Amino acid sequence: MSQTSVKDAPPQTEAPLGHGLKQRHLSMIALGGVIGAGLFVGSGKAIAAAGPSIILAYAISGALVMLVMRMLGEMAAANPASGSFSVHAERAMGPWAGFTAGWSFWFLLCVAVGLEGIGAAQIVHGWVPGVPEWAWVALFMLMFCGTNLAAVKNFGEFEFWFAALKITAIVLFLAVGVLAILGVLPDTDAPGMTNLTGHGGFMPNGVDGLIVGLLASVFAYGGLETVTIAAAESEHPVQGVAKAVRTAMWRIAVFYIGSMAVVVTLLPWTAEEVAAKGPYVATLDHLGIDGAGQIMNVVILVALLSAMNANIYGASRMANSLVQRGQGPKVLGQLWGGVPRVAVLTSSAFGFLCVLLSYWRPDDIFQWLLNTIGAIILVVWFFIAAAQLRLRTKLEREAPEKLVVKMWLFPWLTYVALLGMATVFVLMAREEETRTQLYYTGGLTLILIGVGLVRQKLMERREAAPTA
């Protein structure tokens, strides 16, 4: 690994991308990024497993995510780069670490694009059953591939309005929910503590139920990292990252933990419609709000489309960053007007391939893909924490002026975050369903580490070889 100092290192080791994202884009991406499909779609099963203790599960996982985002924000503000944590991992531990973190995240985003396309198509197919689901997926893929092939400001505009709709919807849901809890909403009675302490108590399925809810909630937070990738293409990357990270705490507390508290206070966790319809639709239907189900389906559709758009963007920028650092095929790094269009097309094509596999081979190859991405976000978080642990000491010694954002109580909370991640890995190994995901993700990670180490060794030999 090169011993270049942090102070002397360039702020970004990549070819220049566009800088078309304005502060309003970045702010809304940061706000909307926390309201993902995982919150709207996946939380129903988590509530069914954990009961009212889902509030505690989201609070614990939310605390871990806050620490991860703070660490990532510290490094991103000091050295903005579209490769984000991949660049930081490479600086801290060597090219093998950047290779592993970057390509595993690219793989995660591409598979996620396919999953979100399938989810969005299912919703629209319910409204227009005459059009097959694959046709809707193809339309969405073409639309967002086109959006990302154009200037980055187009991506920013889409995400701005998508995020605005998601934020408006979740704020209205929370407002209506609080009014219902207080009993001031027409034709509703205050539920009190009935649903929180009845039906088996606050933790009806014991610690095992809490663990299942905790694991589900951890992965619902995935996607927050995109804001540090997007910051590199903004007008003021350092200020943008700093602002986004500093507001992460209240966003997580209000949107995630607040939503779960409203749902389990208003509805019995045993209600079948929570898992069947989703917690948000079930809650609004329970309150007797006309058309609430369809309105919420529109919001969920927007959340899925927003995630598709953001993940194609994030995957293409990560691939471009890796290539610019000599970590992938050069063709992916070609830029037109500051946009890595080959990387956009490749990432979109891989996502569409995942959709086709869901039709052709749902029980083997597609299931393998799902299992493989199961714990990748935890691997990424581990690299973030390990990189921050090493880079913070170097920054304090060599370039303290770059510490615009600082990790709290360093290094103790970094160690706490690493311990938290290790605990989640152990908990995954205990549960049969997540154990399979852990094995597959672990296998992919080990393969990438092996390839990365071989590439690094070959690179070092080429650099050490005497020139003719």
Side-chain angles (χ1 to χ4, degrees), residues 34-68 170 173-174 177 191 193-224 251-283 286 300 303 370-371 373-378 381 416-417 419-438 441:
V34 80
I35 310 171
L39 176 63
F40 289 120
V41 180
S43 52
K45 292 182 179 179
I47 292 172
S53 67
I54 192 66
I55 301 171
L56 180 59
Y58 268 87
I60 294 171
S61 56
L64 176 59
V65 174
M66 288 178 199
L67 296 180
V68 171
I170 203 77
F173 174 82
L174 290 170
M193 301 294 288
T194 303
N195 294 322
L196 291 175
T197 57
H199 311 286
F202 183 74
M203 200 179 294
N205 294 323
V207 175
D208 287 342
L210 177 63
I211 289 171
V212 174
L214 176 63
L215 294 176
S217 64
V218 164
F219 300 111
Y221 287 110
L224 287 169
R251 284 186 278 123
I252 289 172
V254 172
F255 294 148
Y256 275 83
I257 304 170
S259 293
M260 292 301 102
V262 165
V263 171
V264 295
T265 301
L266 289 174
L267 279 177
W269 70 274
T270 52
E272 293 182 0
E273 57 266 28
V274 172
K277 297 180 178 179
Y280 295 86
V281 174
T283 302
H286 172 74
I300 294 170
L370 294 182
N371 286 330
I373 66 171
I376 284 181
I377 198 64
L378 274 175
W381 290 353
V416 168
L419 178 61
M421 294 171 210
T423 302
V424 174
F425 280 126
V426 171
L427 294 177
M428 288 187 73
R430 286 187 56 198
E431 302 293 326
E432 185 175 350
E433 182 179 346
T434 53
R435 188 185 306 132
T436 304
Q437 297 174 3
L438 188 61
T441 299

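In this text the structure is predicted, and so the values were computed from the model without any measurement.
Evaluation of the ring pair (Phe, Tyr, Trp, His ring centres under 6.0 Å) rule for F173 yields Y280 as partners, not counting sequence neighbours. Checked against side-chain hydrogen bond (donor to acceptor under 3.5 Å, both in side chains), S61 has the following partners two or more places apart in sequence or in another chain: S217. By the side-chain contact (heavy atoms from CB on, under 4.5 Å) test, T197 pairs with M193, sequence neighbours left out. The side-chain contact (heavy atoms from CB on, under 4.5 Å) test applied to A216 returns A46, not counting sequence neighbours. The side-chain hydrogen bond (donor to acceptor under 3.5 Å, both in side chains) check on R430 picks up D208, with sequence neighbours excluded.
At least one side-chain heavy atom of S43 sits under 4.5 Å from a side-chain heavy atom of M260. Two residues are said to be in side-chain contact when any heavy atoms from C-beta on lie closer than 4.5 Å; T441 and L378 fail this criterion. Here the side chains of S259 and I170 are in contact, with some heavy-atom distance below 4.5 Å. With contacts defined as side-chain heavy-atom distances shorter than 4.5 Å, the pair L196/V264 qualifies.
The side chain to side chain donor-acceptor pair (under 3.5 Å) pairs that include a residue from residues 260-273 number zero, where partners must be two or more places apart or lie in different chains.
Contact between L210 and L56 at its shortest, heavy atoms only, is CD2-CD2, 4.1 Å. Considering every non-hydrogen atom in both P191 and L266, the closest pair reads CG-CD2, 4.0 Å. Taking all atoms of both residues into account, the shortest heavy-atom contact from N195 to H199 is OD1-NE2, 3.6 Å.
Considering I211, L419, L215, T434 in turn, L215 is the only one that fulfils the side chain to side chain contact (heavy atoms under 4.5 Å, CB included) rule with V424.
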